[in-house]
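Note sheet for the following structure.
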2 protein chains.
Amino acid sequence: MIYTVGEAARQLNVAASTIRYYDKEGLLPLLERSSGGMRMFRDDDMSSLKIIECLKKTGMPIKDIKHFIDSCIEGDSKIDERLAIIESQRESVNRQMEEMQKMKEMLDYKCWYYETAKAAGTCAVHDQIKPEDVPEKFHQFLNQP
Amino acid sequence: MIYTVGEAARQLNVAASTIRYYDKEGLLPLLERSSGGMRMFRDDDMSSLKIIECLKKTGMPIKDIKHFIDSCIEGDSKIDERLAIIESQRESVNRQMEEMQKMKEMLDYKCWYYETAKAAGTCAVHDQIKPEDVPEKFHQFLNQP
DNA sequence: GCTTGACTTAAAGTTAACTTTAAGTTGTAG
DNA sequence: CTACAACTTAAAGTTAACTTTAAGTCAAGC
């Protein structure tokens with residue numbers, strides 16, 4: 001199956017101008033054109049876009065994604081480098097998920113804080129709340145007014 | 001305990017100019033100054049910075065953080081609104097973590113892909129690999145060259 | 001009192017990642 | 001053959017979130 005830039009954009013839920021921008025930045029070096037100059041997206045190109053999307057969504061800058069794509073073009077001599085890049089990104093994702101988990105715990109506490117305040121009709125309820133009335137998992141956030 | 005902007009910055013591991021920028025944008029409306037005009041960060045201000053950091057790290061734009069801070073200043077009449085904002089952000093975090101998980105699975109596959117290629121010395125090994133040699137969890141990524 | 005490092009401000013500069021614009025071309029349906 | 005939506009490009013514009021600069025002020029130690 002062959003797609004135009006608009007069809008590819010619709011499939012990946014991004015703007016066509018974004019895909020053209022990626023192409024201009026060299027992220028799609030193997031993308032072919034029709035005789036008239038139209039971009040022709042094949043399955044391989046859609047797969048490239050998916051890994052680009054994955055790296056982008058996990059916080060890799062376009063420049064670094066280009067570096068990865070470049071090492072893909074270079075073939076089997078760069079397998080080690082590509083593996084190192086992906087492993088490093090996976091570790092970055094692990095750190096991001098840990099960070100996200102911590103942020104979620106703080107938001108869980110804030111939710112409980114406002115639910116309690118809402119039930120009491122005032123935030124002042126937290127000034128005289130006893131530690132044993134605070135769920136165990138939120139104790140880390142006490143002494144933080 | 002009272003901190004200067006530099007001390008506060010060191011504690012939260014951000015640049016002092018960032019904290020000054022947040023102040024300029026109205027995120028620290030209760031921050032007091034010394035007689036000489038220096039910012040004085042009290043525990044309350046440090047807590048404000050921590051919730052600002054939490055909202056920022058979970059993707060909330062400065063404008064929306066200001067809206068939240070504004071509703072904190074307005075007192076008990078805005079408890080419902082504040083709860084709604086925090087709940088919505090918590091749901092956003094849940095969606096982000098699900099997305100992150102999907103991205104991680106793709107990176108896990110790519111790691112396996114390059115580990116296998118590295119062992120074989122060539123990516124061509126994947127052209128003739130049998131589906132039963134591909135771990136179950138990676139089957140979703142097959143037919144994606 | 002003096003030095004020095006950290007602070008103050010307003011204003012300008014930076015960066016990434018797009019998005020928009022304008023002018024023109026392609027491909028397809030009727 | 002014509003219309004028209006979707007494509008093409010280069011170049012300029014946008015946005016968020018800072019960061020830097022320049023010129024000056026504050027506070028603590030000697």
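Below, chains carry the letters A, B, ... as their sequence lines are ordered, and counting in each starts from 1.
Counting all heavy atoms, side chain and backbone alike, A:Ile86 lies closest to B:Cys111 at CG2-SG, 3.7 Å.
Side-chain contact between B:Lys137 and B:Glu105 is absent, with no heavy atoms from C-beta onward closer than 4.5 Å.
Residue B:Thr4 is in sugar-phosphate contact alone, with no base atom involved, counting any heavy-atom pair closer than 4.0 Å across all strands shown. Across all strands shown, B:Arg20 has heavy atoms under 4.0 Å from base atoms, whether or not it also approaches the sugar-phosphate. Among the heavy atoms of the strands, none lies under 4.0 Å from B:Ala16.
Remark: B:His126 NE2 to B:Tyr114 OH distance equals 8.5 Å, nearest 0.5 Å. From A:Lys50, atom NZ reaches atom CG of A:Leu55 across 14.5 Å, with rounding to the nearest 0.5 Å. B:Asn13 contributes atom CG, which lies 8.5 Å from atom CD of B:Glu53 (distance to the nearest 0.5 angstrom). Atom-to-atom distance recorded for A:Leu31:CG and A:Asp45:CG is 5.0 Å, nearest 0.5 angstrom.
Defined by atom type and a distance below 3.5 Å, a donor-acceptor pair is present between the side-chain atoms of A:Thr58 and A:Gln89.
If you measure from atom CG of A:Asp23 to atom P of D:dT8, you get 9 Å, rounded to the nearest angstrom. Rounded to whole angstrom, the span from the CE atom of A:Met40 across to the C1' atom of D:dT8 amounts to 15 Å.
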Note to self: Run the side-chain contact (heavy atoms from CB on, under 4.5 Å) test on A:Met40 and A:Arg33 for me, step by step, so that the C-alpha distance in whole Å, both residues' side-chain angles and the decisive distance to 0.1 Å come before the verdict.
What the structure shows: CA-CA 5 Å; A:Met40 297 191 304; A:Arg33 301 291 187 116; 5.9 Å; no
Please list, pair by pair, any protein nitrogen or oxygen found under 3.5 Å from a nitrogen or oxygen in nucleotides 25-29 of chain D.
residue : atom : partner : partner atom : Å
D:dA27  : OP1  : B:Ser34 : OG           : 3.3

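Here chain A contacts DNA chain C (any atom closer than 4.0 Å to a heavy atom, that is under 4.0 Å), and the contacts span C:dA16 to C:dG27 from 5' to 3'.
Comparing A:Ser17 and B:Lys24 against DNA chain C, the residue whose closest nucleotide sits nearer the 5' end is B:Lys24. Residues B:Lys56 and A:Arg10 both approach DNA chain D. Their nearest nucleotides, taken by heavy-atom distance, put A:Arg10 toward the 5′ side.
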